[in-house]
Amino acid sequence: MGQLSYIIKTLVIFFVLITSSLAGTDTQKFNLKTFDGRGSFGGQIDYPTQCGRKKLPAVVLVAGTGLYYRNLWLGTTGTERDFVFTDLAKRFNRDCIAVIRYDYRGVSCDLMSEDKIKQCLDQDIRKSVDDQTILDDIQAVYNHVLKQRKIDKKRIGFIALSEGSINISRMVARKSITPKALFFIGGVAESPKSLIRWQFIDRSVDQAFAMDDNGDGILTNLEVMSNYRGSFFDTNEVPMANLLSPTGFWYRSALKSYYTLQFKTIVNATLITHDSVPYIQNDMVYAKMSWWKRWFTDSTTVLENLRNFKGPITYYNGTIDILAPADRQLELLKHYGPQMRSMPEFNLVRGKGHVLGNHPLYGPMDLDLTEEVVAKVVQDL
């Protein structure tokens, strides 16, 4: 019986794999006008075609901070899996879930090179982006989804990456969306204000002392010069000169005081700048200054925004994530979670980064984790 059972299980698995590989996709592209009348943005709905259902569950994919096209190019391997949302869409379609993904306004292709940036980034339209228009664009997508006859309106979920979790929580709080379930990758539990402070101060200190070769708690200028290349600061184009101490070395407490003072200066300069001034990063217009300001002023936690949400909430956060540190999010959840109507499930993923890959920041997502996320969505929708 044991051998027969094994053969039957093997045949079942083989049959599932075969039927999954035969499943087709019907892609329906859309173009939506922005609520503020400043333009339009594109997207698509990927429908599985061989599932035999009149109404399909659906998931809306929401990216984080950046200038993203619907594919979400966020990997470093040079393979198809670097397109994180495209990869997820194929797997969801395989499991009979419709997938909705959209372009950030002003972005018309994956910005993979300087030529693509010139070709596909409308920086004038990006000047219209703020913390409210970001929500409005997601709302326009959601409204469009509700009109689709093939989609079960009671079985719509959101997968949000990074800042996307903040934006979705704001929409839940204002009651403009009613999803069945929420899934956050590299998700935020704390407030934007506390997260940005950690990124500027504590993360900077931790990353600087990662260059302390002998671990004696003293970071010398020689250690900075020896270890700068390839460091967090080099990758993020922070000049090495900004890390050198006038006394020749840093104690951790002194460096934290230094970054705290810098942070206050940045906050003050930002808050006195007019809301309509473009926020520019890497010589590209990301948004209006009002979007950037909200990072320094919004002290409402994501968990507070989700306090009254009734459906399942699932977090997947990696322990080497350098944007939304998993331990901070989990600690807040332990304290605040019991006050929520739906206690979030928090998956602490060892050795993985912001996009659940081997890199602290970039993807692609680990293949096993990708399938775990897909299975969880199938279960909750």
Side-chain angles (χ1 to χ4, degrees), residues 64-66 74-77 162-163 185-270 281-282 295-296 315-335 346-364 366:
T65 306
L74 202 55
T76 59
T77 64
S162 193
E163 185 193 349
I185 297 172
V188 179
E190 60 186 300
S191 73
K193 185 176 180 179
S194 63
L195 180 62
I196 202 72
R197 180 181 176 85
W198 173 86
Q199 289 182 352
F200 266 89
I201 300 173
D202 299 274
R203 181 182 65 179
S204 296
V205 173
D206 289 342
Q207 292 296 325
F209 271 84
M211 296 186 284
D212 177 16
D213 281 335
N214 58 11
D216 63 354
I218 301 174
L219 179 64
T220 68
N221 285 351
L222 180 60
E223 286 174 319
V224 171
M225 290 184 284
S226 299
N227 297 302
Y228 172 80
R229 185 171 296 279
S231 70
F232 167 83
F233 301 97
D234 182 23
T235 303
N236 288 277
E237 300 181 353
V238 177
M240 183 171 63
N242 289 12
L243 304 171
L244 300 177
S245 168
T247 63
F249 63 89
W250 294 106
Y251 290 115
R252 181 176 283 267
S253 58
L255 187 58
K256 184 171 184 177
S257 295
Y258 169 71
Y259 280 125
T260 300
L261 181 61
Q262 280 198 332
F263 179 68
K264 289 180 179 178
T265 301
I266 291 170
V267 172
N268 291 336
T270 299
Q281 194 173 70
N282 299 324
W295 282 98
F296 302 115
Y315 279 83
Y316 291 91
N317 286 64
T319 57
I320 63 169
D321 186 340
I322 60 171
L323 287 184
D327 56 342
R328 283 176 61 89
Q329 313 316 309
L330 180 56
E331 193 60 35
L332 180 62
L333 178 59
K334 289 178 180 177
H335 172 74
F346 194 94
N347 296 280
L348 188 68
V349 186
R350 299 290 175 186
K352 301 301 177 183
H354 194 54
V355 194
L356 303 183
N358 295 325
H359 191 281
L361 177 58
Y362 300 112
D366 177 90

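Since this is a predicted model, take the numbers as computed values, not measurements.
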**OP:** Please examine the side chains of Leu323 and Arg203, heavy atoms only from C-beta on, and report whether any two atoms are closer than 4.5 Å.
**Re:** yes
**OP:** State, to 0.1 Å, how close Trp198 and Ile322 come at their nearest heavy-atom pair, and which atoms those are.
**Re:** CZ3-O, 3.6 Å
Original post:
Around Phe232, counting heavy atoms of other residues, nucleotides and ligands shown, do more than 12 lie under 6.0 Å from its CZ?
Top reply: yes
Original post:
Have Ser162 and His354 got a donor and an acceptor in their side chains that come within less than 3.5 Å?
Top reply: yes
**OP:** Side-chain contact test, heavy atoms from C-beta onward, threshold under 4.5 Å: evaluate it for Trp250 versus Tyr258 and give yes or no.
**Re:** yes
**OP:** Search all heavy atoms of Gly186 against all heavy atoms of Ala324 and return the closest pair with its distance.
**Re:** O-CB, 3.7 Å
Subject >> Minimal non-hydrogen separation, Glu237 against Asn282, with atom names >> reply: OE1-OD1, 3.6 Å
Original post:
What is the ring orientation for Phe233 with Tyr259, classed by angle as parallel under 30°, tilted 30 to 60°, or perpendicular over 60°?
Top reply: parallel
Original post:
Is the Phe249 ring parallel, tilted or perpendicular to the Tyr251 ring (thresholds 30°, 60°)?
Top reply: perpendicular
Subject >> Any donor-acceptor pair under 3.5 Å from Asn214 side chain to Asp216 backbone >> reply: yes
**OP:** With the side chain counted from C-beta on, respond yes when Arg350 and Ile320 share a heavy-atom pair under 4.5 Å apart, and no when they do not.
**Re:** no
Subject >> Candidate pair Val267 and Phe200, rule side-chain contact (heavy atoms from CB on, under 4.5 Å), full reasoning >> reply: CA-CA 11 Å; Val267 172; Phe200 266 89; over 6 Å; no
**OP:** Would you kindly say whether Asp213 and Asn227 are connected by a side-chain donor-acceptor distance under 3.5 Å?
**Re:** yes
Original post:
Do Asn347 and Asn317 have side chains that get closer than 4.5 Å, going by heavy atoms?
Top reply: no
Original post:
So, the side chain of Asp212 versus the backbone of Gly217: is there a donor-acceptor pair under 3.5 Å, distance only?
Top reply: yes
Original post:
Which distance, rounded to the nearest 0.5 Å, do you find between the CE of Met225 and the CG of Leu243?
Top reply: 11.5 Å
Original post:
Between Ala189 and Tyr315, which heavy-atom pair has the shortest distance, and what is it?
Top reply: CA-OH, 3.6 Å
**OP:** Would you name the heavy atoms of Gly230 and Asp234 that are closest together and state the gap between them?
**Re:** N-OD2, 2.8 Å
Original post:
Stepwise, does the side-chain contact (heavy atoms from CB on, under 4.5 Å) test hold for Phe296 with Ile266?
Top reply: CA-CA 10 Å; Phe296 302 115; Ile266 291 170; 4.2 Å; yes
Original post:
Are the side chains of Leu195 and Trp295 in touch, meaning some heavy atoms are under 4.5 Å apart?
Top reply: yes
Original post:
Quick one: which of Asp202, Thr265, Ile201 gives a side chain to side chain contact (heavy atoms under 4.5 Å, CB included) with Thr260?
Top reply: Ile201
Original post:
Which value, rounded to the nearest 0.5 Å, describes the distance between Thr76 atom OG1 and Leu74 atom CG?
Top reply: 9.5 Å
Original post:
Are the side chains of Ser194 and Arg328 in touch, meaning some heavy atoms are under 4.5 Å apart?
Top reply: yes
Original post:
To the nearest 0.5 Å, what is the distance between OG (Ser204) and CG (Leu255)?
Top reply: 8.0 Å
Subject >> Rounded distance (nearest 0.5 Å) linking atom CG of Asn221 with atom OG of Ser226 >> reply: 10.5 Å
**OP:** Kindly say whether Ser231 contributes a backbone atom to a donor-acceptor pair with the side chain of Gln207 at under 3.5 angstrom?
**Re:** no
Original post:
Counting N and O atoms only, with roles assigned by atom type, does the side chain of Gln329 sit under 3.5 Å from a partner on the main chain of Ala326, one being a donor and the other an acceptor?
Top reply: no
Original post:
Where do Val349 and Thr319 land on the side-chain contact (heavy atoms from CB on, under 4.5 Å) test, with the steps shown first?
Top reply: CA-CA 6 Å; Val349 186; Thr319 57; over 6 Å; no
Original post:
Is the shortest heavy-atom distance from the side chain of Leu356 to the side chain of Ile185 under 4.5 Å?
Top reply: yes
Original post:
Is it true that Arg252 and Asp206 make a salt bridge, defined as a side-chain N closer than 4.0 Å to a carboxylate O?
Top reply: yes
**OP:** Side-chain contact test, heavy atoms from C-beta onward, threshold under 4.5 Å: evaluate it for Pro364 versus Thr77 and give yes or no.
**Re:** yes
Original post:
For the atom pair CG (Asn358) and NZ (Lys352), what is the distance rounded to the nearest 0.5 Å?
Top reply: 3.5 Å
